[in-house]
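Worksheet: the structure to be examined is printed underneath.
Chain letters run A, B, ... following the sequence lines, proteins first and then strands; every chain starts at 1. Worth knowing before you read on, the calculation uses all heavy atoms, side chains too, and leaves out hydrogens, waters and symmetry mates. Computed from a predicted model, the values in this text were never measured in an experiment.
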2 protein chains.
Amino acid sequence: MKRPTIADIAQRAGVSKGAVSYALNGQRGVSEATRRRILAIAEEIGWNPHSAARALSGAAADTIGLALRRPARVLGFEPFYMELISGVEAELSGRSYALMLQIVADASAEVEVYRRWWGERRVDGVLICDLRVGDPRIPVVTDLRLPAVVVGGPEGVGDVPHVWNDDAAALVETVEYLAALGHRRIARVAGLPDLWHTRVRAGAFQGACARLGVRHALTIGTDYSGEEGARATRRLLSGEARPTAVIYDNDVMAIAGLGVAQEMGLSVPGDLSIVAFDDSPLCRLVHPALTALARDIPAYGALAARQLLAAVAGQSVGSVQDATAKLVPRASTARPVSST
Amino acid sequence: MKRPTIADIAQRAGVSKGAVSYALNGQRGVSEATRRRILAIAEEIGWNPHSAARALSGAAADTIGLALRRPARVLGFEPFYMELISGVEAELSGRSYALMLQIVADASAEVEVYRRWWGERRVDGVLICDLRVGDPRIPVVTDLRLPAVVVGGPEGVGDVPHVWNDDAAALVETVEYLAALGHRRIARVAGLPDLWHTRVRAGAFQGACARLGVRHALTIGTDYSGEEGARATRRLLSGEARPTAVIYDNDVMAIAGLGVAQEMGLSVPGDLSIVAFDDSPLCRLVHPALTALARDIPAYGALAARQLLAAVAGQSVGSVQDATAKLVPRASTARPVSST
DNA sequence: CTGAAAGCGCTTACAG
DNA sequence: CTGAAAGCGCTTACAG
């Protein structure tokens with residue numbers, strides 16, 4: 001059976017293809033009665049618009065693109081992305097927009113994918129995650145005039161619209177809380193150092209520690225994987241002037257850190273307080289439950305998608321700030337047993 | 001600046017559009033010299049094929065579709081999907097195929113998405129995950145003649161090609177191992193009951209327990225979320241005839257179960273042995289590290305993608321079995337302290 | 001309100 | 001080896 005086209009509908013309805021097109025798209029130019037008849041026929045014969053034909057006639061692709069650049073082993077169990085994607089999807093599917101996803105290995109592949117998608121008119125716009133310092137995607141989308149929204153910022157985004165939240169404020173709140181509990185040796189197990197938000201968090205951490213008299217404020221960089229989170233924790237807990245509190249840049253590393261503390265016979269929170277940046281159900285399910293900086297990540301993704309759709313529609317969207325992560329104290333943080 | 005088309009290339013090269021098309025697609029019909037000249041011009045002016053135009057001329061969409069139906073809160077932190085997707089991607093991107101992703105709320109939306117994608121010619125084929133008993137997607141892809149590969153089976157797939165692995169064998173191996181350690185009260189915290197693989201695992205579990213003299217072999221169904229895994233574990237550990245070992249249908253629930261045991265003051269593995277179906281880095285990072293049934297999920301996804309691409313190319317692909325999950329014993333399983 | 005026609009950017013027989 | 005042309009399924013001015 002051949003796929004039905006508007007020509008088939010036109011024939012059945014005894015009108016021109018043009019009339020069918022108007023009827024189907026809710027344009028004026030056909031009478032109400034004709035429109036209803038055409039719609040009924042389209043429904044009956046199971047007609048669907050051929051997306052390529054529409055696109056070729058200048059219509060939008062009704063698709064947005066997302067390229068993710070992280071090693072599969074990290075992506076696999078970073079809840080962040082799937083949560084972000086589910087929020088993006090929630091916004092898109094209501095408007096029958098599709099999501100094109102590609103996982104890439106390096107920066108050049110990432111840029112290449114965006115360039116190709118746009119060249120092939122496969123997407124109407126793209127989302128940019130994991131903004132890096134000197135990120136090559138910013139000049140590329142600017143040059144191509146490819147509608148884009150950065151999930152991140154506000155620094156390093158050039159003139160590209162973006163949605164961001166104030167990681168610095170969240171980190172300051174955390175350090176203040178730990179300092180108030182009496183911690184004077186606080187470490188940070190950070191994510192990839194060339195990401196903007198890692199840099200922002202680092203600055204906020206150092207600043208707050210200096211201001212609050214936290215003498216030992218060590219940061220160890222990782223690739224966000226649980227393995228490196230565990231290794232960093234072992235290093236921290238094996239050195240002298242062991243920290244009494246550690247802030248992790250994601251939940252997976254925080255859980256790995258908890259595992260290391262338990263393996264080394266340290267009690268949490270007695271000997272070590274733990275805070276996770278980003279709260280996932282896992283943080284509540286381990287024992288003790290982890291104090292975490294909670295954001296509504298699906299909502300963040302949905303906001304980004306809305307902004308991108310607006311940008312695609314030609315609106316100027318600029319910079320939008322999403323809610324700051326909230327500190328949710330749980331059982332993994334307490335006064336240090338022996339304040340120094 | 002207008003987007004370059006083959007007409008621009010033809011003009012510059014002083015040949016016809018047809019010749020350009022042949023040259024660009026590696027077809028015969030142009031001399032080597034002309035081909036090289038055309039390729040050079042295309043490169044120089046930054047030409048990209050307009051995917052819609054190609055698709056309209058009967059070419060493939062070079063895209064495969066995947067609709068995922070699970071609540072966002074589960075998707076978010078089930079490593080399985082992201083790992084599967086990264087494996088699929090690895091196979092696709094080498095051949096410049098794109099992945100269309102949509103997260104849907106229910107079965108009808110899922111079928112609707114596949115129907116629409118196919119009607120709109122947006123995808124050349126689809127992957128079907130999370131096969132359910134009486135899954136409506138099977139008759140739909142069959143009717144539409146939409147190339148499809150089920151990630152699952154071999155039961156309940158009708159005539160649709162599929163890749164599967166032998167969950168039953170993996171579960172039997174696990175029960176035998178636990179029984180050999182001396183466990184006689186083994187429980188199972190299962191995933192969604194209407195999934196085929198849940199049913200297969202359930203049958204294997206009951207069969208193995210009966211055969212091996214495991215008197216208490218209780219199964220509790222969940223939605224795969226950590227919350228429900230924790231709740232099920234509390235129920236199991238609060239009842240009389242408490243199990244001495246629990247097998248969880250995913251790693252997230254296993255970690256939640258470990259948390260509950262610790263919260264209730266039970267030692268793992270002394271009072272309770274824990275096994276996770278599917279191994280993620282998290283299983284190694286918690287303390288004690290969890291015994292797990294490990295599969296190479298990216299490889300599984302890559303295999304599924306390869307089969308789908310073959311099906312799209314018109315080959316008959318049938319049923320392919322992937323490697324059976326391997327039991328990786330770690331610190332969370334041991335002889336029960338007091339054998340009954 | 002409706003019809004006939006051009007055009008989007010490719011591919012592909014069909015002639016030369 | 002190359003050119004001219006039709007066609008894929010839509011949309012959209014342009015006439016009536």
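- With the nearest nucleotide of DNA chain C identified for both B:I6 and A:A19, A:A19 has the one nearer the 5' end.
- Comparing B:V15 and A:A52 by the nucleotide of DNA chain D whose heavy atom lies nearest to each, the residue mapping closer to the 5' end is B:V15.
- In this model, the phosphate group of D:dA4 is not approached by any side-chain N or O of B:S16 to a distance below 4.0 Å at OP1 or OP2.
- Out of C:dC10, D:dC10, D:dG9, the shortest distance to the side chain of B:R54 is found at C:dC10.
- Between A:C129 and A:L66 there is a side-chain heavy-atom pair separated by less than 4.5 Å.
- Residue B:S31 has its side chain nearest to D:dT2 when only C:dG3, D:dT2, D:dC10 are considered.
- Nucleotide D:dG9 holds its P atom 9 Å from the NZ atom of A:K17, rounded to whole Å.
- Considering only side-chain atoms of A:T5, the nucleotide from D:dC14, D:dC10, C:dG9 that sits closest is D:dC10.
- In this structure, A:Q27 does not reach the D:dT11 phosphate: none of its side-chain N or O atoms is under 4.0 Å from OP1 or OP2.
- C:dA4 is unpaired under the criterion used here, namely a Watson-Crick or G-U wobble arrangement in which both key atom distances are under 3.5 Å.
- The phosphate of C:dT11 (OP1 or OP2) has no side-chain N or O of B:S57 nearer than 4.0 angstrom.
- Looking at B:R116 and B:E112, no side-chain N of the basic residue comes within less than 4.0 Å of a carboxylate O on the acidic one, giving no salt bridge.
- Atom CG in B:N25 sits about 13 Å away from atom C1' in C:dG9, given to the nearest Å.
- Along DNA chain D, the nucleotide nearest to A:A7 and the one nearest to B:G18 differ in position, and the one closer to the 5' end is contacted by B:G18.
- One atom, CZ of B:R28, and another, C1' of C:dT11, lie 17 Å apart when rounded to the nearest Å.
- Between B:I64 and B:L127, the closest side-chain pair of non-hydrogen atoms falls below 4.5 Å.
- At the phosphate of C:dT2, OP1 or OP2 sits under 4.0 Å from a side-chain N or O atom of A:T34.
- Whole-Å rounding puts the B:I9 CD1 to C:dG9 C1' distance at 11 Å.
- For the pair A:R121 and A:W118, the cation-pi test (distance below 6.0 Å, angle within 45°) is passed.
- Between B:R12 and B:E44 a salt bridge is recorded (basic side-chain N to carboxylate O distance below 4.0 Å).
- As a whole-Å value, the separation of B:E120 CD from D:dT11 P is 11 Å.
- Nucleotide D:dA13: unpaired (no Watson-Crick or G-U wobble partner with both distances less than 3.5 Å).
- Taking atom CG of B:L56 as the reference point, atom C1' of D:dG7 lies 9 Å away to the nearest angstrom.
- Between B:A53 and B:Y22, the one whose closest nucleotide on DNA chain C sits nearer the 5' end is B:A53.
- Under the side-chain contact (heavy atoms from CB on, under 4.5 Å) test applied with B:E110, the options B:V104, B:L68, B:I103 reduce to a single match, B:V104.
- Note on A:G58: nothing from the nucleic acid sits closer than 4.0 angstrom, heavy atoms only.
- Here C:dA4 presents its C1' atom at 17 Å from CD of A:Q11, a figure rounded to the nearest Å.
- Following rounding to the nearest Å, B:H50 (NE2) and D:dC10 (P) show an atom-to-atom distance of 16 Å.
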